[in-house]
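Presented below is the structure to which this report refers.
Note on naming: letters A, B, ... go to the chains in the order of the sequence lines (proteins, then strands), and numbering restarts at 1 for each one. The shown structure was predicted, so the numbers you read here are calculated from the model rather than taken from an experiment.
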Amino acid sequence: MARRVPLEPLAAALVAVLVAAPAARAATGSGSVLASYSFDDTVDTGPDTFAIWQGARHTATGQGRVSLSTRFHVSGYRSVELGDVAGDGDFPELQGYFPARTTGRLFFHFSFLTTDPKEELNVALAGPRFFQMEKDGISFWLATREGQLVHVSDSIPKKLFPVEAFVWYAVDLAYDLEAGTYALTIYREGQDAPLVALRKQPNTVRQPGSAIDKFSFVGSPYGDRSNVVYYVDDVVIGTDASVATRPFVAPGRRKLFIDLFHDYQKLLLERPRCLPLSGPEDVGFTAADLAGLAREGLLDAVERLLAGEKLDARAFVRRGEGRSRTVLEALGDWTAGCEALAAGDPARALPRFESAAAAVPEGRIFSLSAALALAGLKRFAEADERLALLSDWRDDPRYAVAAAFVGIARGDLDRAELWLRDPA
Amino acid sequence: MLASVRGPRWTSFPAVVLAALTLQAAPAPAAGVDPAALRAAAIAMDTKQIQAMGPAVMPSLAHFYSTSSDEDKAKVAAVFYQLGWKSPEAKRALMADIRTQDQTLRLRVQWALGRVSDDPDVVDALLENMQHDPVPLFRDKAACALAYDQIHLAPAQKLRLFEGLIDALDSETLQVRQIALQALQILTGQSKGFLPGEEPGTRRAAVLEWKRWLAEYRSNL
């Protein structure tokens, strides 16, 4: 079992644990890798490698969560989702341990994506004194404050850049333990040049020689004022730059295609039904749309809709404005269509999908669902037309499994495979 | 001061207003909350039960505080501390007792204030107590509250706190210099070489270091 957090005198009970649950792959003491988590494999973790607390204070009132999620990811197909709840007297935490380091260099890599930059999150490296502002306490501290990413260096929160919602950022830290300084590089997805490239920054409390043996991802541990929902992927700690430097190309697209293909195929074995969403772009939401939804106070509801919760989308449609209203209406149509398809009624589902696809053509899941409904109605030529219009989505396993389903329904698997090949 | 750390800490970053609260009518209780149950929970310091009632109970709790004996006030102040919910009503009620001579109540009021408010006059009142209260214990615990319990302050609001603590390094009272430094160390992990017992000339260089740091802090806001 992972250790308790000894700085918590109130911690009478270790509540949620998930240690040794199928949550992450951890490797400790292997070569120059001290700890590594991709959150994809179902391999048990070793002792004292990481711990997850839904409520790190153990107040029993915490409503936050730490869980695996397929909604957003950089590598593989899963990340860890942390959700905090303001005013619940607690905060969620993902904490990892590794052998204490006092000399040499330490390399720390991770990626994060937040759904609302205005909600506070905190990431830290600390030592045996835990997260105290002292030597052997906190050494590296990255956080969001009022929409800005900041790092606390020399006990001063220093602004880095305004954080965008639903964008992955890859953080690379190269830490010199003896000097107590670090280099910090941060990349934004889709951009080659780093957003941040700082060198020789004093550590959090300007204390050379401060030991480090743990990392931590939390919501708001102080003021209990955060409703943050954010995602963390590809956490690597190492003593060699090469192990902690990961390629950062097209996050969210580098899926384990065959695994996802099998998962989706199982969904379609019994009857045609909607395939799951992997992100807001599937229904046509752009980053600007999401920012607008956040301003209208609709983001949480939309997140729940996208996560597959059965909410009445029409209730939000009335509140939405402009384009977000259009997309929400389309999402409502799609949800209704999915219910009809799952109930074995493709005839009732099809017009809802077509309506959604016509309203928001860039919401490709709508057209894909229409293709499945058409196949269910044995209108294969029209299903093929739909698939042809989605050909730029052929790298997505949902497209592949839908194409295969149409082919199988028609008894023509070769034709299904044809859609998956690159154009000549 | 260090020995009086209270409560969980992920890290340690964490003018008297005598409003006529006692003359005000009791606020309407939060929907679904039985005032008698709230009162009983407060006296029992059953924070979990009150937490389950939600932040809407704060005005009622503040009214209850203002109309209670010092003994019960101290219990409600402890509840405010544990809840950590911002509340202008709670802040007004607590500020009325920021100079009380009842020891238990004074300490709990000083500790709770920063956990119910981020108003600048809370920081000012605690700085005043830390530097000028005639009772050393009250000064010490005011510094403790400044170091640990200003949990709602944004970086810009902390500037006022740091300014006050750094100014206090020049206090003529040794204990004030000691506790101001301790608070700064807890908040920043640094001392900048300041030794409270040294001669003024020796201390001056370290104070200048602190002022340089403060200027950099300000420039990052």
Q: Measure from the ring center of Phe217(A) to the ring center of Phe110(A) and say whether it is less than 6.0 Å.
A: yes
Q | Whether Trp213(B) and Trp210(B) hold their rings parallel, tilted or perpendicular, with breakpoints at 30° and 60° | A | perpendicular
Q) Is chain B contacted by the side chain of Gln148(A), its backbone, both, or neither, given a heavy-atom distance below 4.5 Å? A) neither
Q: Let me know if Glu216(B) has heavy atoms under 4.5 Å from chain A in its side chain, its backbone, both or neither.
A: both
Q) Are more than 12 heavy atoms from other residues, nucleotides or ligands located less than 6.0 Å from atom NZ of Lys158(A)? A) yes
**Q.** Heavy-atom contact with chain A under 4.5 Å, split by part of Leu221(B)
**A.** backbone
Q. After noting the C-alpha distance and the side-chain angles of Asp124(B) and Arg160(B), does the key distance pass the salt bridge (Lys or Arg N to Asp or Glu O under 4.0 Å) rule?
A. CA-CA 8 Å; Asp124(B) 290 346; Arg160(B) 193 184 194 94; 2.8 Å; yes
